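Notes for the one structure printed next.
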Amino acid sequence: MGIGNLRTADAHRQGLGNGRNASGRRAKLKKFLGVSLAAAAVGVCAVGSADANTSTGQSTSANTSTTASEKARVDVVDIKLKNEQHAETDLGPAGPSLGDYNSFSGRAIRDGREVGLGAGSCKTVHIEGDKATTQCVITVEIGRGSVTMQSLAPKGGSSLDMAITGGTGAYAGARGTAHYWAIGTPDECMRVRLLR
């Protein structure tokens, strides 16, 4: 997913020198990193998704201002989610109320092959009129380990940004963000941006 390109860029940057001017090296490095990051951002889930890179209508690259060395520590992983099980538990009075929750699980698919299970739950924590806010906790296996995340979310939303709170295996101590779109549909996907 472009990570090899980022490592190559880092090695290339360390090897530059030999008579070229510094501004020319920086310009080439910025261009190379920009192309590498753009390639990393394109994945199986990105095809046909208008909001794959956005949570508020702005480009992901415009939301952050990072140096080249910080960008080189970002792993971008695209996962297609195949929903399999879902249950809603209505506590208290009928209809939305505090404490109601839903549980869900499905298969995580990366580059066309199944890499694990994704599962979580969302509990209603705030009601205002006919709007409900939930707190969601999700764990997704993505091959060499799992990533955990959480966020507040409006009930019934179609996209969501979540904070990565940790992980296991290759993702132990993970941090970063996960962006979901087309939630609850056959086209549901997530893009994980892991900061290393």
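The structure presented is a predicted model; accordingly, all values stated were derived computationally and were not measured.
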List the atom of [X], the atom of [Y], and the distance in Å for their closest heavy-atom pair.
| X | Y | value |
| --- | --- | --- |
| E188 | N83 | OE1-ND2, 3.0 Å |
| G157 | I183 | O-CB, 3.9 Å |
| A108 | I79 | CB-CG2, 3.7 Å |
| L160 | A153 | CD1-CB, 3.6 Å |
| I127 | A132 | CD1-CB, 3.8 Å |
| Q150 | Q135 | NE2-NE2, 3.6 Å |

Hey, could you give me the [atom1]/[atom2] distance between [X] and [Y], rounded to the nearest 0.5 Å?
| X | Y | atom1 | atom2 | result |
| --- | --- | --- | --- | --- |
| W181 | M190 | CH2 | CE | 9.0 Å |
| D130 | K155 | CG | NZ | 13.0 Å |
| L195 | T177 | CG | OG1 | 7.0 Å |
| R175 | T165 | CZ | OG1 | 13.5 Å |
| D75 | I142 | CG | CD1 | 8.5 Å |
| D187 | K80 | CG | NZ | 5.0 Å |

Do I109 and L117 share a hydrophobic cluster, counting only Ile, Leu, Val, Met, Phe, Trp and Tyr and linking them when any side-chain heavy atoms are less than 4.5 Å apart? no

- [ ] Answer yes or no: is there a side-chain heavy-atom contact under 4.5 Å between Y171 and I164?
- [x] no

Do E128 and T133 touch side chain to side chain, with heavy atoms closer than 4.5 Å? no

Across all chains, not counting sequence neighbours, the salt bridge (charged side-chain N to carboxylate O under 4.0 Å, His left out) partners of R107 are E84, E114

Tabulate below the donor-acceptor pairs under 3.5 Å that side-chain atoms of residues 94-105 make, not counting sequence neighbours, or state none.
from, atom 1, to, atom 2, distance (Å)
S97, OG, L91, O, 2.8
S97, OG, D100, OD1, 3.1
D100, OD1, L91, N, 2.7
D100, OD2, S97, N, 3.0
N102, ND2, H86, NE2, 3.2

Residue pairs passing the disulfide bond (SG atoms under 2.5 Å apart) test with at least one member in residues 125-167, sequence neighbours excluded, are C122-C136

Here the disulfide bond (SG atoms under 2.5 Å apart) pairs for residues 76-116, sequence neighbours left out, are none

Should the heavy atoms of other residues, nucleotides or ligands under 6.0 Å from CD of E88 be counted, would the total exceed 12?
yes

Grouping ILVMFWY residues whenever side-chain heavy atoms fall under 4.5 Å, the cluster of L152 otherwise contains V125

Besides V137, the hydrophobic cluster formed by Ile, Leu, Val, Met, Phe, Trp and Tyr side chains linked at under 4.5 Å, directly or via other members, contains none

